Amino acid sequence: MIQITLDDLDDIALGATFLGTGGGGDPYIATLMTRRAIAANGPVTMLSLDELADDALVFSCGNLGAPTVAIEKIMGADQPPNAVLALEKHLGRPADALLAFEAGGSNSMMPIYIAAMLNRPIVDADGMGRAFPELQMVTFSVYGVPSAPMALASEHGDTTILDIDDDARAEYIARGIAIRMGARSAMAAYPMDGITARRVAISGTTSLCQAIGDDLRQSRAQNREPFAALIEMLAGTHYGHAKVLYTGKVADLLRETKRGYAIGQVTIEAQDGGAALEIEFQNEFLAARQGGTLRAIVPDLICILDSEMAQPITTERLRYGQRVTVMAVSAPPIMRTDKALAVFGPAAFGLAEPFVPVEHLD
Amino acid sequence: MRGVAGTGLRLGIDVGGTNTDAVLMDGGRVVAWHKATTGRHITDAIVAAAGAVLQQGGAAPDQINAVMLGTTQFTNAVIERRRLNPVAVLRLAAPATTAVPPMSDWPEDLRAVVGHHTYLARGGLEFDGRPISGLDEAELCAVAKDIRGHGIGAVAITSVFSPLDAEMEHRAEAILRRELPPETCVITLSHRIGRIGLLERENAAILNAALSGLAGDVLGAFTRAIDNLGLTALLYISQNDGTLMTAAHAARYPVLTFASGPTNSMRGAAVLSGLADALVVDIGGTTTDIGLLLDGFPREAAMTVDVGGVRTNFRMPDLLALGLGGGSLVRNGGTSIGPDSVGFELQQRALVFGGDTLTLSDMAVAAGQMALGDRAKVADLDGVDLALARAATMIEGALERVRPSATRLPVILVGGGAPLLGGDTIGGGQIVRPVHSQVANAIGASIAMVGGECDRIFSLDGLSRAEAVAAATDEAKALAAEAGADVASIRVVEMDEIPLSYMPGNVTRLRVKAVGDLAAAGG
């Protein structure tokens with residue numbers, strides 16, 4: 001059991017941007033919200049999965065909506081807690097702990113915010129281990145925990161419970177409601193007990209965000225190369241393998257809207273003129289190829305960082321001429337099983353290649 | 001109707017913290033230029049600089065078609081927390097946005113100056129134009145009374161999604177006006193100065209309101225100078241994006257001048273070199289700013305920009321600042337340069353001026369590249385070639401990062417430290433050294449155009465993408481014409497599309513910027 005204090009938030013946000021693998025939304029506003037909540041109500045207790053009681057009731061929390069709306073219509077202060085309270089009321093029992101469904105991007109911060117507002121602990125775990133574009137792309141779904149009953153809340157205090165036994169239908173209908181709520185809904189879903197959480201959640205991802213953020217910040221402050229220390233730190237986690245895939249400059253950028261996603265490709269060229277690296281993205285970076293050869297593919301993490309500042313770069317902030325370092329990180333084993341790959345492996349994104357672990361690729 | 005570009009005489013003025021420069025321009029040609037010290041009285045400095053160029057150029061005041069002025073006065077005021085007035089901050093959004101009240105992310109010293117009078121009232125729009133909640137007239141009346149009770153003379157009003165539809169900000173202003181008449185209170189509406197991004201736009205509106213007192217004084221000083229000089233032409237002020245606004249508009253929206261200094265410098269480099277697409281290297285005393293000109297305009301930064309510690313989303317040029325300039329300290333036999341600099345003390349501390357500090361300027365003088373001070377004082381320096389080569393390598397590395405593609409763009413070299421970089425090429429690009437580059441800012445001001453921008457979210461249900469783009473383009477062009485552009489000369493210089501990801505349906509945010517020549521200035 002550890003305490004999350006004000007001093008930890010910037011590191012968690014920075015690490016969450018890294019795990020966002022180009023998507024997930026900027027955690028800036030969520031961090032401001034959380035800073036205020038902790039300043040008013042005190043630190044938040046964080047439990048490891050092992051510290052959860054077997055019969056503890058755990059909810060997964062986050063937001064549903066469009067990042068472009070998120071920068072304009074900020075949440076109501078009570079909106080995220082209201083989703084949790086609505087689900088508690090529906091189940092007739094308070095939640096014992098909250099966890100993130102998405103450790104990457106702005107959703108990483110929401111359980112911490114709600115925990116500070118409602119005085120609940122959070123669990124050091126999540127359901128994506130990174131960011132993904134669709135709600136059902138969580139290990140909870142993969143390993144048989146239904147998303148429903150779930151609660152959605154608007155800023156007006158309106159809440160709704162969805163009791164839908166098929167996750168794809170639940171996602172579809174939840175998104176429809178989210179649009180009517182102004183493309184910004186707070187959500188509490190995937191109610192489960194402690195035993196189940198230990199089986200289906202990706203452990204340690206909030207503290208991992210903090211460790212990544214700490215490494216990037218310290219290397220910046222000390223003006224040293226950040227990537228070696230990051231690779232060494234990740235080697236000690238269940239993510240395991242990390243490496244620098246490529247260093248170069250953004251030479252081309254294609255971006256378009258399809259099916260409501262930011263879809264495109266970024267081409268990075270090395271200074272020495274070797275074969276360029278091409279990275280395909282759908283909100284998040286999906287696959288990296290060099291001279292027709294696969295270098296890394298989803299669900300393994302592909303992260304683009306500014307070479308100078310080691311700041312992770314999101315797809316909407318990619319620009320021609322940026323000097324970047326591309327890192328690939330192996331996803332933890334729980335995200336690489338056949339069941340998991342069926343939900344968020346290459347085929348789920350329409351990619352032709354089968355999944356090959358990044359440590360087996362050159 | 002006569003467009004300004006290419007015809008008639010114009011006066012370009014740059015009022016910086018240290019120097020006030022003036023140029024007399026005939027089309028793209030520099031007729032005369034002058035540098036004066038800004039000092040304590042802006043009016044005197046402008047009269048000195050502009051009077052000198054009129055005299056040199058043999059021009060009568062009534063021959064001047066337009067006066068264009070760029071200034072860093074307002075940026076400096078925010079950075080130095082100087083002459084800012086208290087502001088009442090009204091946000092129309094409740095019950096949304098209560099998780100992050102106004103000024104949550106402001107530095108404490110700036111909040112202390114601007115005050116803690118914030119109101120989060122009902123109002124605001126959803127992304128599709130529906131109200132979040134209706135305006136509550138009684139609530140706003142109470143807010144207005146409270147503001148009046150505190151004697152606050154400036155208000156910033158920000159409504160959610162006002163860049164889509166500003167009606168709520170206008171209605172709230174009208175309600176507040178019942179208690180707060182224009183004689184006692186300045187009201188800034190956020191949609192006038194910012195784009196989508198609530199906190200950044202609200203911050204800009206608050207800073208704008210906080211500068212309203214100073215804006216009146218500074219613009220008054222500008223106008224007095226123009227009068228004292230006997231000029232009859234209209235006065236225009238440079239904006240962040242390299243376009244112009246009227247003096248009356250600048251008095252109401254001083255924040256729109258925040259980045260005009262570097263923008264004018266780059267636009268000046270474009271006109272002096274005759275190049276529309278190029279890299280610009282501006283070598284000053286302490287830093288070198290490197291930017292990219294595309295179609296004659298600086299590439300804008302994609303990231304948010306901090307002004308005095310406050311996050312904003314102004315249209316700022318995307319500049320890379322390198323800790324290298326004429327005053328940079330040289331150490332280790334020439335292998336180490338900067339980032340510290342003797343700065344404005346160059347004339348006391350550099351060796352060529354009899355000082356005791358080895359600077360990069362001393363090296364350039366020793367190499368015969370730069371004429372400054374007494375060359376005899378640096379006749380026996382070691383490591384001259386090494387230091388100048390090191391400086392060139394640093395600049396080359398930075399250029400490599402700014403260059404948009406493998407294309408070898410020419411490199412325009414401006415600024416007082418330009419002679420530090422020798423040779424004809426750098427990183428494969430031709431070096432262009434325009435004359436008069438020491439007054440590039442004032443020249444950039446003098447050639448500025450007027451523009452309009454549309455930044456809106458479009459739903460593509462029942463509207464084709466082409467129709468949406470056409471609607472956004474028409475709106476941007478109409479705004480440019482409204483701002484005073486010669487209609488025939490208006491063209492689109494920028495178009496961005498950001499799909500609203502994560503949502504089904506086809507919703508997209510379009511940003512279109514159009515600019516044109518100033519129409520028949522000076523009447």
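Worth saying up front: this structure is predicted, and the values here are computed from it rather than measured. Naming: A, B, ... by sequence-line order, numbering from 1 per chain.
A:Met117 does not touch chain B: none of its heavy atoms, backbone or side chain, sits under 4.5 Å away. Interface remark: A:Tyr172 contributes no atoms to any contact with chain B (heavy atom separation under 4.5 Å). Heavy-atom distances place the side chain of B:Arg311, and not its backbone, under 4.5 Å from chain A. Using a 4.5 Å cut-off between heavy atoms, B:Thr158 does not touch chain A at all. Proximity to chain B (any heavy atom under 4.5 Å) is restricted, for A:Asp26, to the side chain, taken from C-beta onward. For A:Gln79, no part sits under 4.5 Å from any heavy atom of chain B, backbone or side chain.
In this structure, CZ on B:Arg201 lies 9.5 Å from CD1 on A:Ile71, to the nearest 0.5 angstrom. Here A:Met75 contributes atom CE and B:Thr97 contributes atom OG1; the two are 12.0 Å apart, rounded to the nearest 0.5 Å. For the atom pair CZ of B:Phe127 and CD of A:Glu72, the computed distance is 13.0 Å after rounding to the nearest 0.5 Å.
For residues 92-108 of chain B, no pair satisfies salt bridge (Lys or Arg N to Asp or Glu O under 4.0 Å), with sequence neighbours left out.
Checking side-chain atoms of B:Arg130 against main-chain N and O of A:Arg180 turns up a donor-acceptor pair under 3.5 Å.
Across B:Pro101, B:Pro163, B:Ser104, the residue that shares the most heavy-atom pairs under 4.5 angstrom with chain A is B:Pro101.
Put simply, the side chain of B:Ile132 reaches to within 4.5 Å of the side chain of A:His156, judged on heavy atoms. A 4.5 Å side-chain heavy-atom check between A:Ile29 and B:Leu198 finds every atom pair outside the cut-off.
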Given A:Asp78 and B:Thr98, is the side chain to side chain contact (heavy atoms under 4.5 Å, CB included) satisfied, shown in steps? CA-CA 8 Å; A:Asp78 293 330; B:Thr98 53; over 6 Å; no
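Residues meeting the ring-ring contact (aromatic ring centres under 6.0 Å, His included) test with B:Phe161, sequence neighbours left out: none.
In plain terms, the two heavy atoms of B:Ala96 and A:Lys73 that are nearest each other are CB-CG, 3.9 Å. Minimum interatomic distance between A:Arg36 and B:Ala99 (heavy atoms only, all atoms of both residues): NE-O, 3.4 Å.
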